[in-house]
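The block underneath contains the structure these notes are about, expressed in structure tokens.
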Amino acid sequence: MHYEKLDDYPEGFLWGASSAAYQIEGAAAEDGKGSSIWDVYAHEPGNTYKGTTGDVAVDHYHRLVEDLDLMKRMGLKAYRFSVAWSRVIPTGDGAVNPAGLNFYARLIDGLLERGIQPVPTLYHWDLPEALQEKYEGWESRQCIDAFEKYCRIMFTTFGDRVKYWITINEQNVFTSMGYRWQLHPPKKNDVKTMFVVNHHVNLANARAITLFHKLVPGGLIGPSFGYGPVYPLNSDPANVLASVNADDFNNNWWLDVYCRGEYPYFTLKALQRMGIAPEVSAADDALLRSAKPDFLGVNYYHGGTVAENRLDRPTDSASDKASEADQADKTDATAKTGTTGEKSEKGEKKEFSGIDPYLMQPKEGQAQTPEVPMFQSMANPYVKKSAWGWEIDPVGFRIALRQLFEKYGLPLFVTENGLGAADKVENGEIHDSYRIKYLEDHLLAMKEAVTDGVPVIGYCAWSFTDLLSWLNGYRKRYGFVYVDCNDEQSGTLDRTPKDSFFWYRDIIKTNGGLLGKERA
Ligand code: BG6
């Protein structure tokens, strides 16, 4: 559908920006905070780019007021941040740390005083280390009880002031990175365990939502999912079927549980046949079916393209060529960003560039590859890529919003979208026109989705300030506000608004009215 004129963004649209505790706060061991699995993991040699850690990050913990003032200056209507569970309960399920709660009280009250809606995420990957040690983390159901206890504290403390809540960030990413690709803690390669963990996180999400609805009437809660539409390589029915499989395996596997309370039928069958499906008790089933989110948080970076994965595929097939092109592009992206890879402790070469959790592919001969008979990821020749090899696909954003609303009928809240780039400071200024272009194209695509009729309640760009990328250090920047920090972790941490800061301020001021218009 093409429109002569797009609808305006709705009144009260939540124009925002996002962050996550581990990536910005620092103060990793201050005021009683306990360690998280990321505090430990980042300190093990070879796990992160140049050994970067969140010990100081961008020092948001100590620069809270300065950051809040910058948010107000930008005119933000919403700010999505995450709560470090181990700051609130240092041992994960023991005593509450009043200083930790007080930090979030200052943040939340500071936002409200400035007219900004706080949007806390309860879990953005930084599990308390004590729970990992005591129970093997999410592998145990005790972790679900601990999460519920932590959520209860958050809801009873802040439920009177905070309307919008996110339960879990990108469950699809952290479970696969941690239990399959060995790139996040606890660095395992065990697909069966990955599905167990995933099931436990589903139950934790459902318990949190159920509790929230009891304790915070009038509040709204939902998970944030890393969603990408799946395209078939072409109209070959075998490739179309592969795209149906991939959508089920990469998207429905989580979303059907969140929104319908059940695992998707075909993927569940396939996993059962392989002996790696999670066990769902009658009580689990009842819980999952009864807990419904009020909205769906959507993190959109890009989708993916797939083809049939024929085990006997001839090597010169079109899709193999596309795959080679993809590989070449990734290598090129690595060269462009200057990454040479690092040696891990064991000595094998490890690339930190081009890691894309949405498109990870099993390596040849890698054990336990459930999607092998279902689909294979391919390069999409129609879309450009960022310097890190991530596809740039604003039309895919509109498709994503349409598909999600059509499938699940829930209001959508875009909780992440943005461009990672290596920004340069020129005479004290940061001219990030590429970021403005990326954001503008996506905001226009979202406006088209809104005109199509999709109820979108807000948009939080990733990210407000520059921050620590889990695996890419500080050189891959997303922020509207530049932070003087580097991979040697020796910058001044001074803040400087980039060109995109002023651009987004004007977009917010006009409720999106300036999108696509010439600017003076
Ligand atoms: C999302 C995460 O997956 O992607 C963020 O929720 C993350 O925490 C963002 O920073 C960008 O990823 P990366 O690897 O480019 O920093």
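Position 1 is the first residue of the sequence; numbering continues from there. Whatever order the structure lists them in is the order used to number ligands and atoms, beginning at 1. These numbers come from the heavy atoms of this one structure, side chains and all, not from hydrogens, waters or symmetry mates.
The closest approach between a heavy atom of Asn472 and any atom of ligand 1 is below 4.0 Å. The shell of residues lying under 4.0 angstrom from ligand 1, judged by heavy atoms, includes Tyr301.
Within ligand 1, counting atoms from 1 as listed, the ones closer than 4.0 Å to a heavy atom of Lys476 are 13 (P), 15 (O). Of all the atoms in ligand 1, the ones that sit under 4.0 Å from a non-hydrogen atom of Glu170 are 1 (C), 2 (C), 3 (O), 6 (O). Listed by atom number, the atoms of ligand 1 under 4.0 Å from Asn169 heavy atoms are 6 (O).
Taking any N or O of Ser469, backbone or side chain, at least one lies under 3.5 Å from an N or O belonging to ligand 1. Considering both main-chain and side-chain atoms, Tyr478 comes within under 3.5 Å of ligand 1 through a nitrogen or oxygen pair.
A donor atom on one side chain and an acceptor atom on the other are not found under 3.5 Å apart for Lys407 and Asn251. Of the N and O atoms on the side chains of Asp256 and Tyr408, at least one donor lies less than 3.5 Å from an acceptor on the other residue. The closest side-chain donor-acceptor pair between Gln171 and Tyr123, if any, does not fall under 3.5 angstrom. In this model, a donor atom of one side chain and an acceptor atom of the other lie less than 3.5 Å apart for Asn417 and Tyr459.
Residues forming a ring-ring contact (aromatic ring centres under 6.0 Å, His included) with Tyr263 (at least two apart in sequence, or on another chain): His199, Trp253. Applying the salt bridge (Lys or Arg N to Asp or Glu O under 4.0 Å) rule to Asp69 yields the partners Arg114; only residues at least two apart in sequence or on another chain are considered.
If you look at Trp390 next to ligand 1, the close heavy atoms, those under 4.0 Å, all belong to the side chain.
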